[in-house]
Each structure stands twice: as C-alpha cells, then as structure tokens.
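Any value given below was found using the heavy atoms of this structure, including those in side chains, with hydrogens, waters and symmetry copies removed. All values reported here derive from a predicted model rather than from experimental measurement. For ligands, and for the atoms within them, numbers begin at 1 and follow the listed sequence.
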Amino acid sequence: MKSKLPNIQETIFTTMSRAALEANAINLSQGFPGFQPDPRLRELIAKYTQTGSNQYAPMMGIPELRAAMSEKTEKCYGLQTDMDKEWTIVSGATQAVFSAVTAVVGEGDEVIILEPAFDSYDPAVLLNKGIPVHVPLNPTDFSPDWELIREKTTNKTKLIIVNTPHNPSGYVWTLEDLEELSNLVEEFGLFVVSDEVYEHITFDGRKHHSLLTHPVLRQRTFVCGSFGKTFHITGWKIGYCIAVPELTEEFRKIHQYVTFTTVRPAQHALAGYLKLETFFDLPAFYEKKRDIFNEGLRNSSLEFEPTQGSFFQQASYAHLSEISDKELALKMTKELKVACIPVSSFYADGSDHKIIRFCFAKNDTELVEATRRLENLSSIL
Ligand SMILES: Cc1ncc(COP(=O)(O)O)c(C=O)c1O
C-alpha cells in the first residue's frame, strides 16, 4: 500500500521510553507525570462509572463540563465564552489540533509551523494535503522570529500553528508576540491553531496569555487544550477546543466523524473536580520540581536557562561534544540510566543543535537521583 505518510517513523517518545525500560533507566523522556492524580479525582471517576454515566456523551461534551470550563476561563483570563457555541470537549489536544487543522487546511494550502514543534502538527497538515512551512524559533530563547515568520508568509498561507507555553523549550509568549501575530493574521487573513496544553504551568510569576484574550486573534483562533497536563491524567486523553461559533461549527463537523464524542465518566469527574479549583496551585507545584531538578543539573556539565513554563527543561551540550543528540540520548539511557529526548526530533529535517529535553514531572527523589547520575556525563562523551 502506498503510504500517506512515507517519512513518518516510530515517534521518538516511543523509542526513548522503550530504551528507558530496557535499561531500567529513570525515564525523563516522555512528557507524562510520574505520580498519581488527586485521589478525589480518582474517586469521582469511580463514582461516575458506578452510577451509570457509561453511555455516549453529547457530541460537543456534557454541559456541566463545558459550563465549568467556561467559568474557569472567565476566572483565569477575564474572558467570556459561550459554552454551547464555542466549547467542544474532545479526546485530547492531539485530536483537537487534528480536527482544527482538518477544518481549515485544503490541498496546496501552506501552514506555518514554528520549530522545534510537537510531532503531531506536521502529519495533520500532510494528511490534509497542506504544505508545512517550517520556520525556526530564535535559537537563544526560542521566541518567535517575527521577521522570519513574515518572510515565510505568502498569500498561499492559510494557517499558523503556535504553542505557548512551548514544548520543548518552555518559552512563554509575551503580549508583544500576540500583537505581532495579530498583525500578520489581519494582513494575510490567516487562521491560527494555538496549542495551549501547558496553560497552567508557568514560572517566576509569568502569566500565560491565551490567544483568545486578544480581540483580533479571538476571531481566527482555535485554542486547543488538554486536561491531561493540568490534572496529571495524560492517560485519560481528554481535551478541548475553544473557538468563535463560526469556527466551532466547522470544527465540530470534523470532530463528529473523528470520534463523535469523548469518554463520558471522565467528563463528569472533571466537571465535579473543577469545582475544587485545585489547579491554581499548579505553577508552584511544578516550579518547585523545576528548581529541584535544576539545582542538581547545575552540577552536570550541561548548559541551560531555567525553563519559563511547561514541565520540560532543555539543556545544551554543544560545548562538550559533537556527538548527535540521538546518540547521546541513547548512550545516556544505557550508561547513565537517565532517559531524555533529543530535540532534533522536533525538527522536520532533524536539525541537531545539540540540545536535549528532560521532563521534570516526576517524583522529587527521582529528579535528585537523575541529576546525581548526570554529574558523570563527561565520562560518556
Ligand atoms: C505541546 C503538546 N501538545 C499536545 C500534546 C498532547 O496532548 P493530549 O495528550 O491531550 O493529546 C502534548 C503532549 O505531550 C504536548 O506536549
């Protein structure tokens, strides 16, 4: 059979997690929490499976969850959204991105993807016969290079996919970034898919600026979010898309034939849990982990700037070795027993800047032990 995605191989997350398992290494590669969600959330999902919420949910998601999320969005961002016309609950942010891209992109449409980028963006564009146009982020702080983005935008550009807080760099978009993007959107009539799965994980007093808070971007953007990252439930695969009614109408046409609807007991559990508002503690919870990890990482020979958001810390070894980042990641897993992700896998052409990414959503003891092992990094280079 002729492949629709001939260049796609096994994802690096699968490769590194398997390598970690085989080597019995501390797995700081794939982005999932190494601890359990709040017992109250686990009790809620158990309750809803026991009491009969086990059949199809409405296509757009149960009203209780859309209402709770709409309320949260008003509290967090001072933003009013219509729970019926603007919110759709879906099976994870990956599905939200795929459905939004499918709603917008047709044959020959160009789509700007800022690299390094999460690995699901390219295939979503390619499967819709769009043309990904990769634009590197600034190499020092991973902020968008607006001059370069403008250079690459043409009258064939239909969509730009953005991600803030950013995986893998942690860069958090500023209000100036939103302003730059809105100028581009107005000038070229672009649509935007904004992946905001780490919206509640920002550090050092930084604020996440949802693209929906900007009046111009609000009209053209599909914001894709995930409950997985906020509530330590990546295995539930549940997320959402927020967009103005005209865009949501098109989004739902796709969503209803991708999955139609999303796991119901999880929706009831989350609606109940949101009333507790515990997610507001998330920045402090992860900032402590970032600091514990970075304190240890300072004793390794790696160079890094503390991440601004997300639960990832990037680090450079460019000053230490010419070895490829993939080779280093595998060697580190086997010999030091710490697994990470080589950042070249976030570039379509495999650009290797000698940067690796660690996930610090793990127990503190594991983080301390991992950095203790990384003190021996020079012995394997
Ligand atoms: C930037 C980014 N977007 C989307 C996702 C996927 O989210 P979900 O599990 O809700 O599909 C991830 C998960 O790692 C991510 O890092």
Side-chain angles (χ1 to χ4, degrees), residues 11-17 27-34 37 41 61 65 69 87-102 111 113-125 137 142 144 160-173 192-202 208 210-211 221-242 251 254-255 258-259 262-263 266-267 269-270 279 282 286 307-314 339-343 345-348 357-362:
T11 79
I12 191 69
F13 307 109
T14 308
T15 309
M16 291 311 304
S17 282
N27 189 0
L28 306 187
S29 63
Q30 209 174 345
F32 61 85
L41 183 55
L65 183 55
M69 287 302 283
W87 279 87
T88 313
I89 306 299
V90 298
S91 303
T94 311
Q95 192 225 316
V97 169
F98 183 82
S99 304
V101 169
T102 303
V111 179
I113 296 178
L114 308 178
E115 285 191 328
F118 186 61
D119 65 348
S120 82
Y121 306 159
D122 254 59
V125 172
L137 293 162
F142 295 85
I160 176 166
I161 305 180
V162 307
N163 171 213
T164 177
H166 181 241
N167 175 11
S169 74
Y171 178 79
V172 177
W173 277 38
V192 185
V193 167
S194 182
D195 180 340
E196 301 184 9
V197 300
Y198 300 105
E199 63 179 319
H200 294 300
I201 313 179
T202 55
H208 166 67
S210 174
L211 267 58
T221 303
F222 298 84
V223 163
C224 301
S226 177
F227 294 95
K229 312 293 178 176
T230 306
F231 297 124
H232 320 318
I233 49 166
T234 59
W236 292 19
K237 278 306 266 192
I238 177 164
Y240 50 88
C241 175
I242 324 164
F251 177 91
I254 310 297
H255 163 64
V258 176
T259 60
T262 294
V263 59
Q267 294 193 45
L270 285 163
F279 58 93
L282 213 56
Y286 274 123
T307 193
Q308 299 181 357
S310 80
F311 43 53
F312 302 113
Q313 178 64 56
Q314 286 196 148
C340 63
I341 293 286
V343 169
S345 50
F346 289 74
Y347 291 85
R357 187 203 77 176
F358 299 99
C359 170
F360 55 79
K362 307 292 164 188

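Near K237, with a cut-off below 4.0 Å to any heavy atom, the atoms of ligand 1 are 8 (P), 9 (O), 11 (O). Atoms of ligand 1 found under 4.0 Å from any heavy atom of S226 (numbered from 1 in listed order, with element): 8 (P), 10 (O). Distances below 4.0 Å separate heavy atoms of G92 from the following atoms of ligand 1: 10 (O), 11 (O).
Ring planes of Y286 and F311: tilted class, angle from 30 to 60°.
Where the criterion is an N or O separation shorter than 3.5 Å, residue side chain and backbone included, K229 meets it with respect to ligand 1. Considering backbone and side-chain N/O atoms, N167 comes within less than 3.5 Å of an N/O atom of ligand 1.
The shortest heavy-atom distance from T234 to ligand 1 is not under 4.0 Å.
Put simply, the residue from T88, I89, L65 that forms a side chain to side chain contact (heavy atoms under 4.5 Å, CB included) with Y240 is I89.
Shortest non-hydrogen contact noted between N27 and Q30 is OD1-N, 3.9 Å. Considering all non-hydrogen atoms of both residues, A269 and L41 come closest at O-CD1, 4.0 Å. Scanning both residues, C241 and A96, for their nearest heavy atoms gives CB-CB, 4.4 Å.
Among protein heavy atoms, atom 6 (C) of ligand 1 sits closest to T94 OG1, 3.4 Å. Closest to atom 16 (O) of ligand 1 among all protein heavy atoms lies Y198 OH, 2.6 Å. In terms of protein heavy-atom proximity, atom 7 (O) of ligand 1 is nearest to A93 CB, 3.6 Å. Of all protein heavy atoms, the one closest to atom 3 (N) of ligand 1 is D195 OD2, 2.5 Å.
Contacts between F227 and ligand 1 below 4.0 angstrom, taking non-hydrogen atoms only, are absent altogether. By the criterion of a heavy-atom distance under 4.0 Å, the side chain of V197, and not its backbone, is placed next to ligand 1.
For atom 15 (C) of ligand 1, the choice among F98, F118, F13 with the nearest heavy atom turns out to be F118.
A donor-acceptor pair is defined here as one N or O able to donate and one able to accept, closer than 3.5 Å; no such pair exists between the side chain of Q313 and the backbone of F358. No donor-acceptor pair closer than 3.5 Å links the side chain of H200 to the backbone N or O of F231.
Both tests hold for K362 against F32: distance to the six-membered ring centre under 6.0 Å, angle to the ring axis within 45°.
Between the side chains of H166 and Q308, not a single donor N or O lies within less than 3.5 Å of an accepting N or O.
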